[in-house]
A.B. asks: 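Please find one structure pasted underneath; my questions will follow.
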Amino acid sequence: MDKFYTSVRLEEKLCKGCINCIKRCPTQAIRVRNGKAVITKEFCIDCGECIRICPHHAKLAVSDSMSVMEGFAYKVALPAPSMYAQFNHLEDVNIVLTALKKIGFDDVYEVGGAAELVSAKSREYVEKNPDQWPLISTACPSVVRLIRVRFPNLIPNLLPLQAPVELAASLARKRALEDTGLPPEKIGVFFITPCPAKVTAVRSPLGITNSGIDGAIAMKDVYPKLLPHMVEVMDDVEDLSISGKIGIGWGNAGGEAGGLLTDSYLAADGIENVIRVLEDLEDQKISTLEFIELNACNGGCVGGVLTVENPYVAKVKLKQLRKYMPVTRNHTELSEEEGVWTKEVQYEPVFKLGDNMKESIAKMAKVEELSNQFPGLDCGACGAPTCKALAEDVVRGVANEKDCIHVLREFVHKLSDEISRF
Ligand code: SF4
Ligand code: SF4
């Protein structure tokens, strides 16, 4: 398994090298080289910002196609709560769930149902572990990836519970095994995902060794297939939903924290806000809270780049849908081991410059020296987002100081002066 897998790719022929994405990437993972935007996968946290910003649609997220279901005798769909926010005038989530059974799935298991169990487990964990306050939510894989590469001091604050989709996968598989009696390898469990970070979490999970999900299909690919069937099933809607207000609420920013039934929390969304909160947390400016909910996408999962609806409209739709729902529809209890992390998240020092402290300090001094030679315009013409990033690239040996057009121009001037003297 590649621990630095990323689901974000460049469609090379569409890239114009315009540098919009290098400026937007929160981890400075992109450089324009030879006119094309190259991602350093070790730095990428799958936030999707480069996909959102690219005016030429050259960045895309890879996910599984519906054909991933082939070869499985019994197929279960795991729809994320944000799925319901894609449809206009939806009054009953069972319409979506019944329609999913018309497009090739044999059963559905709402991620929102598992989210309610995670909420209950989180309440218990937060209460029993005040020494870890503020606990940081781990449902957004981009946030966990960001913390593992950039905020190692905050790793002990991570809530060590599986994301609702992983719990949903194991509960759905268990139910399918009981219902069908089929061998486990004949049962396929597929997540309908709102974002590339969750595709990456399936292929290269954190906190667990292997994901229980057999494929992650983009919400935007399932959406057009569902629409005609939603009309068709209107007269024969099955009662399949297992989630209430709490579970569906996880689709919006603040929904997870809302399920904790405490006021001692902070919820931030949008990757730049998330970084600001993590920096403040590191500086111990927010230490009195019990819980911090962080979502890389604006608005929470409804803002994922694999959705179809405007995140702000989606947020309202989800709010309206929740209005007449029961608070929760999940009344089972998890065992102590169920839904917890089985593997520690380790710090990955991908941004370090040297192999030891002495070397790192020497290289940082070199970065400083080089940065002072550059004009400080952060123009991006060199292919790096800032002059400092170019200096770091030079020190890492992946760029040349003459990649800076200003340094190059001075060099050419000097050269022509010297030549003219002969
Ligand atoms: S935004 Fe990035 S990926 Fe898109 S065209 Fe510009 S350089 Fe290429
Ligand atoms: S997905 Fe986010 S972290 Fe990865 S390259 Fe794009 S902007 Fe950077």
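Atoms within each ligand, like the ligands themselves, are counted from 1 in listed order. Residue numbers start at 1 and run along the sequence shown.
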A.B. asks: Using only heavy-atom distances, determine whether the side chains of Y223 and E309 contain a donor-acceptor pair under 3.5 Å.
C.D. replies: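 No, E309 and Y223 have no side-chain donor paired with an acceptor closer than 3.5 Å.
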A.B. asks: Return all protein N, O or S atoms below 2.8 Å from atom 8 (Fe) of ligand 1, chain by chain in residue order.
C.D. replies: C15 SG
A.B. asks: Under the 6.0 Å and 45° cation-pi test, does K317 pair with F87?
C.D. replies: no
A.B. asks: Do we see a donor-acceptor contact under 3.5 Å between the side chains of S264 and T262?
C.D. replies: no
A.B. asks: Not counting sequence neighbours, which residues clear side chain to side chain contact (heavy atoms under 4.5 Å, CB included) with P311? List them please.
C.D. replies: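 Checked P311 against side chain to side chain contact (heavy atoms under 4.5 Å, CB included); zero matches.
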A.B. asks: Could you go through residues 38-51 and list every donor-acceptor pair under 3.5 Å that involves a side-chain atom there, pairing it with any protein atom two or more places apart or in another chain?
C.D. replies:
from: K41; atom 1: NZ; to: D2; atom 2: OD2; distance (Å): 3.1
from: D46; atom 1: OD1; to: T6; atom 2: OG1; distance (Å): 3.1
from: D46; atom 1: OD1; to: S7; atom 2: N; distance (Å): 2.8
from: D46; atom 1: OD1; to: T200; atom 2: OG1; distance (Å): 3.0
from: D46; atom 1: OD2; to: T200; atom 2: OG1; distance (Å): 3.2
from: E49; atom 1: OE1; to: R24; atom 2: NE; distance (Å): 2.9
from: E49; atom 1: OE1; to: R24; atom 2: NH2; distance (Å): 3.4
from: E49; atom 1: OE2; to: R52; atom 2: NH1; distance (Å): 2.9

A.B. asks: May I ask you to check whether S119 and E256 show a side-chain donor-acceptor distance below 3.5 Å?
C.D. replies: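 S119 vs E256: no donor-acceptor pair found between side chains.
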A.B. asks: Could you tell me the separation between the CD atom of E11 and the NZ atom of K36, rounded to the nearest 0.5 Å?
C.D. replies: 10.5 Å
A.B. asks: Taking atom 4 (Fe) of ligand 2 as the centre, count the protein N/O/S atoms lying under 2.8 Å from it.
C.D. replies: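 That number is 1, waters not included.
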A.B. asks: A296 and S142: which non-hydrogen atoms are nearest, and at how many Å?
C.D. replies: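 In terms of heavy atoms, the two residues are closest at CB-CB, 3.6 Å.
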A.B. asks: If you draw a 6.0 Å radius around NZ in K101, do more than 12 non-hydrogen atoms from other residues or ligands fall strictly inside?
C.D. replies: yes
